[in-house]
Amino acid sequence: MTPPLLDLSRVARTYRNGDVVVEALKPLDLVVGAGECIAVMGPSGSGKSTFLHVLGCLDRPTAGTYRLDGRDVTTLSDRELAGVRNRQIGFVFQRFHLLRDETALRNVELPLRYAGVGRAERRRRAGAALEAVGLAARTTHVPGRLSGGEQQRVAIARALVKEPRLVLADEPTGNLDTASGDAVLAMLDALHDRGVTVILITHDLEVARHGGRQLTIRNGVVAEVSPSVVPRIAGGGG
Amino acid sequence: MSSLVAAAVEGVRHLARHPLRSALAALTCAVAIAVTVNVVSLSYGMDADLRRDIARFGRLTVDVGRTPVVRPGAPRASFGEAELATVRATVAGLDAIVVPLRSERVTVTGAVEVRQMVLAAVGVGFPRTLAIGLKAGRFLREDDRGLAACVLDESSAKSLFPGVAPADVVGRTVRLSTAGTPSVAVVGVLEDPMTYRALFEAFDEGRGARTLISALLSFRNVYVPEDGIASKELTTVSVVLPDEARLDVAFERLTRLWPAAGVDADPASLAPINVFARKAWMDAFGGSTQTGAFLGNLVWILVCLVACVMVSTLNLVEIRERYDELAIRRCEGARRRDVVAQVAVEGLVTSVVGGLAGLPLGFVGADVLARIVQFPFRFDVRFAGVAVLVSVVIGLLSSAIPARRAAALDPAAVLSRRLS
Amino acid sequence: MRFLDDVVLALGRLRKRPVRSLLLLQGTIWGVAVSLFPTAVIDGTREAVRLRGTDVGADRISITLDPTRIDPKPLTPADVDAVAAKWTAAGIPVEAATGVALLLPPRGTAVARGAPDAVLLGPGDGFRARGLALASGRAGDPRAATPEAVVEGLLAEEVAAAAGGSALGARLPLPDGRTAVVVGTLATRPAAQRRLNDLGFDTDHPVFRGATGKLLANLGVPFGDDAWKRTDRCAWVAAAPATVDWIFLRAPPDRLREASPLVEAALHDAGKDVVMFRAFFYSLLLHRDVDRFQAVSLALFLACLAMSAVVMASVGLLTALKRAPEIAVHRVEGATRRDVMAQFLAEGLVLSVAGTLVGWALGCGLAEVRIALEPLAGMTWAFPWGYALVTLLVSVVVGCAAALLPAWRAASCDPVEALTDE
């Protein structure tokens, strides 16, 4: 049996703001196998973003152990974490977070630049990634000239190009119309079919259905629910 | 009115909230002011010194003498006792002092031997032809005869007796290279009116300067009584008048006898004997030194302009980041005037504080430079005032455009863009 | 991520905001320019004097009797020998030394075509001491029965035209009634060179006529009837005059400053009162003392650079905060703090280099303007590579140092905060 991709053990994240202590993430255990697709739901302010950042090695947990692909990332230095993000984790954000002044191609190349890949190779792989998301005709466009759906597809291409083990998507369809949103979700499904682990944060019930498992977050507590419970919980939040 | 004051206070608080940024902006102004102080004290100081020197050359003196024309074979006009009598007669009734001068080049030996000194046999009124005084001892008197006594210029005294104070040179003797190599006692030392002697001598290396006045301009003379030189031929006759009105009368009378030597005259067209009014020369020469001072002004004006531009850019960038804050202020009741006042006060305070900080920086820098370059930097308390004024101007200019931007912003537009 | 990529990125940013970058770089640009151009002028002039010293009159001294002296003792050929001997004793090479007696046409009479403006009686090759060179023929022989003359360029053309061919062998009337035979002609000087006076100034230059000439007149420098030196229409007749009116000397330009007092001493020993003319300004420039004044230039440069650095650091800090979201994206995709800092340092580097290069160009422009205003013919400018590279180095160091503050601030931004802030 292959080891799990994500193995969180008593992981917690606490913030100290002067005298105020905020437990953004209360101690949790979670195991996610390779190739799973997980939906995470919860209202705003519930700690969703913190959860995502911890999973994505952007934020270090203040307690517990987090093993990513068998490696304990809580002990890694900043530099090593950057390397992990660079090679193993893809991010798709609600607001796309593309570089405004760069073309689509250069946006997709970004992780490869930090990986030290040569210019010709970078261009080839980025071009291929953009083609895979159907934007071969838009490589030289800057985000300002792309629609919302196209921008999000560029973000997915950027995640694709590093051939990651894990993709984290934070409300990927939040800023898109239905048609574009569906296209994006289809692409995430396709990723999942290829064996990439996808974690979807959303408040949309329909989106949550794409996940094989459902997690909820409320006040920093992460809990797993069965599919039948989902409508009641998801309906209450924002 | 009180809301303007409140706005000003807000401006100061904004600066205090961003100490690093404010300090950096103030530092720019400090550097600009430091440069200003340096350049101004260098050029202004030198200009002031030169003017003071020139003023000592005898504004109320008219000289009659030989013209420095290089024309071989031209007849040498006679200029002796007869002409001296004519001059005396011409200026009679004007309370004038007439000082004849004969000169020749000699080698003089004091503690060391100095060549190419000018031995000048002068009337006792000689110091009156210039606005200088005695450094030590006395000048020649009526009862000094022949080579019984001599008076030295201060720079002559320094060359002949190196390391000896002028007061101690009085009483020593010097030996002249004229016939009989006589020894003459020094009875006095005349003050040196040339502050930048080294600079002048660098330019006059070839001893090319030969006006009627330049024979004296070097002020490396040895003065002896009128009959100390045997030849009856005169070099110059100087006439000192008590005031400018009588100076003009004397000049007019003398130029009826001999032509005037204007400063612009073509030397080739001058007659052998000319009349020369020193004040014309002094005014013309003073004008020439103005150019040098003006070029110095260009430098500090340029530097301050550059500082203005850069601080302006900095303020512009900052204002753009603050649109939200300013929009909120407008929503909460600030008028356009208040916002402009706040920005203006921020700019002014930064530049004035920077300017004040730049003053000591400027003085220290000038001191260091003066040592390296060995050129005097002259300070004046007025520079501090000028510097503060300049920093106020920088502050106002550099916050003008940002203030306009701040005033022109539409709070609703700014805030709704944010919310969307 | 290779640093070259950072530099390319930085160049892109510079291109996108050309006006703001230009405004920020004013300090660097002007600091470099204002300190570069005096160095350029000094370096250029020093080189010009070294290479073309004769053409600009930097290697000559002209001596005549002091016109204000009463009954001066006349100069003689023996005085010339005395000066030459003194120079040789001091180890100064005597490139030429000659004394000439001057014969001028009577004042007020017009000089006919083919007749000389002035006749200079002296050794046959005396013209060498005035920096003139033979174009054809040979120097005159003082012992010849008929006086032998070498004529200057423009006179030679007139004589040749009248003689229907070559000037050599033609007859030349002298002001004292005698006739000489032309045995040699001198090369005509370029007009710019011809106009130089004994102090090295171009007498036709507007600045000379307007200001410098008047200043010299005020100082009492006696120019007089020396127009004949600037016409290329004189005749050098080989003779052995008993007394001379002018002594001309030539020595290497860098030795003239020490040579000049020796001339005065030698002549003073012989009891002669003289005036000496030479282009003293070149000696001043050649002297190492002038380098001290470069300290002022350097100080100005550093001050302007300091202003630039401070403003670049300030603006950098402001924009670092504004760019936090963009930087967060980089960090998310794998950039380390060091990568972020490298990017900012690359921007500092690119800005400094750009500013310095513009400053170089501006400095050259200023030098060009300064030279145009200069009546001294030998003043010219040359790009001072040494100093320029020093300004580049200092600029880059200061620019990168100025970028450190914003770089550090940008690198210490928490990407999480920036992403959630949105």
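Naming convention: chains lettered A, B, ... in sequence-line order (proteins, then strands); numbering from 1 in each chain. Heavy atoms only: backbone and side chains are in, while hydrogens, waters and symmetry mates are out.
The two atoms that bring C/Val329 and A/His97 nearest to each other are CG2-O, 3.4 Å, heavy atoms only. Taking all atoms of both residues into account, the shortest heavy-atom contact from A/Ala82 to C/Ala335 is CB-O, 3.9 Å.
Counting non-hydrogen atoms of neighbouring residues, nucleotides and ligands closer than 6.0 angstrom, the CG atom of A/Asn17 reaches no more than 12 such neighbours. With a 6.0 Å radius and a threshold of 12 heavy atoms from other residues, nucleotides or ligands, A/Glu121 has its CD atom above the threshold. A 6.0 Å sphere centred on CZ of A/Arg123 holds no more than 12 heavy atoms belonging to other residues, nucleotides or ligands.
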*Under the side chain to side chain contact (heavy atoms under 4.5 Å, CB included) criterion, do A/Arg113 and C/Leu9 qualify, and how do the steps go?*
CA-CA 12 Å; A/Arg113 280 180 359 212; C/Leu9 262 177; 3.7 Å; yes
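The residues A/Arg122 and C/Asp5 are annotated as salt-bridged, a charged nitrogen and a carboxylate oxygen being separated by less than 4.0 angstrom. Salt bridge annotation for C/Glu333-A/Lys162: present, with a cationic side-chain nitrogen under 4.0 angstrom from a carboxylate oxygen.
For the atom pair C/Leu4 CG and A/Arg119 CZ, the distance stands at 6.5 Å (nearest 0.5 Å). A/Asp78 contributes atom CG, which lies 4.5 Å from atom CZ of C/Arg337 (distance to the nearest 0.5 angstrom). In this structure, CG in C/Asp339 is found 7.0 Å from CZ in A/Arg79, a value given to the nearest 0.5 Å. For the atom pair CD (A/Glu80) and OG1 (C/Thr336), the distance works out to 12.0 Å, reported to the nearest 0.5 Å.
For chain C, the nearby part of A/Glu102 is the side chain; its heavy atoms alone come within less than 4.5 Å. For A/Leu99, the part lying near chain C is the side chain, with the backbone staying farther off; criterion is any non-hydrogen pair under 4.5 Å.
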